[in-house]
Student: 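Okay, here's the structure, questions in a sec.
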Amino acid sequence: MTTLMKASVVFSMLLTLSAYLVGCSASSVDDAPERAITSGIVSFSGNPITQGQISFIPKQGPTAMGPIKDGNYRIDSKGGVPVGKCQVKILAYEETGKEYTVGAGGKKAKETKQIIPNKYNKRSTLHAEINAGKENKHDFDLK
């Protein structure tokens, strides 16, 4: 497994864990933020991202995230993305054609690598405004 791939796997796990911990921090349903379903298309260099993940991170409240498949995403779990301005982080993976062993059982997994620059994930400069009372559409055409 390459150093870049290890870093991508660790980053993905940390992002998922942090989203889970932030999402579990609301003390009651009354404290839950208003949310709106959000969907869109994500492409890189003019091509749809075939597999990846998108996260919307508000200044306060839980992170909302969902898979990107064939360039499309839709976040509707728990009512969608918290309303307000959110930082957006996008991960996009491509298979390398290699496999590696996972765990003691010898199960094989396909190796992937991150294919978009850190300015869209680790050091994201992307933002989106989520509006209440309607489904939001945010497309991201990354260069």
Student: Give a yes-or-no answer on whether the side chains of T101 and K108 include a donor-acceptor pair shorter than 3.5 Å.
Tutor: yes

Student: Can a donor-acceptor pair be found, under 3.5 Å and without considering hydrogens, that links the side chain of E111 to the backbone of Y100?
Tutor: no

Student: If you look at every heavy atom in G80 and R35, which pair is closest and at what distance?
Tutor: O-NH1, 2.6 Å

Student: Is the count of non-hydrogen atoms from other residues, nucleotides or ligands lying under 6.0 Å from K69 atom NZ greater than 12?
Tutor: no

Student: What closest approach, in Å, do I49 and I68 show between heavy atoms, and which atom pair accounts for it?
Tutor: O-CG2, 3.6 Å

Student: Check for a donor-acceptor pair, side chain of Y120 on one end and backbone N or O of K143 on the other, with a separation under 3.5 Å.
Tutor: yes

Student: Of all the heavy-atom pairs spanning P82 and P62, show the shortest one and how long it is.
Tutor: CG-O, 3.3 Å

Student: Following the transitive rule for hydrophobic clusters with a side-chain heavy-atom cut-off under 4.5 Å over Ile, Leu, Val, Met, Phe, Trp and Tyr, establish whether I41 and V81 coincide in one cluster.
Tutor: no

Student: So do the side chains of H138 and I130 get within less than 4.5 Å of each other, counting heavy atoms only?
Tutor: yes

Student: Hey, could you give me each pair passing side-chain hydrogen bond (donor to acceptor under 3.5 Å, both in side chains) that has a residue in residues 38-50? Not counting sequence neighbours.
Tutor: S39-E135, S43-D141

Student: Who passes side chain to side chain contact (heavy atoms under 4.5 Å, CB included) against Q51, sequence neighbours left out?
Tutor: Y93, E95, T112

Student: Check for a donor-acceptor pair, side chain of N136 on one end and backbone N or O of N131 on the other, with a separation under 3.5 Å.
Tutor: yes

Student: With side-chain contact (heavy atoms from CB on, under 4.5 Å) as the test, would you mind laying out the steps for I54 and I75 before giving the verdict?
Tutor: CA-CA 9 Å; I54 188 166; I75 301 175; 4.2 Å; yes

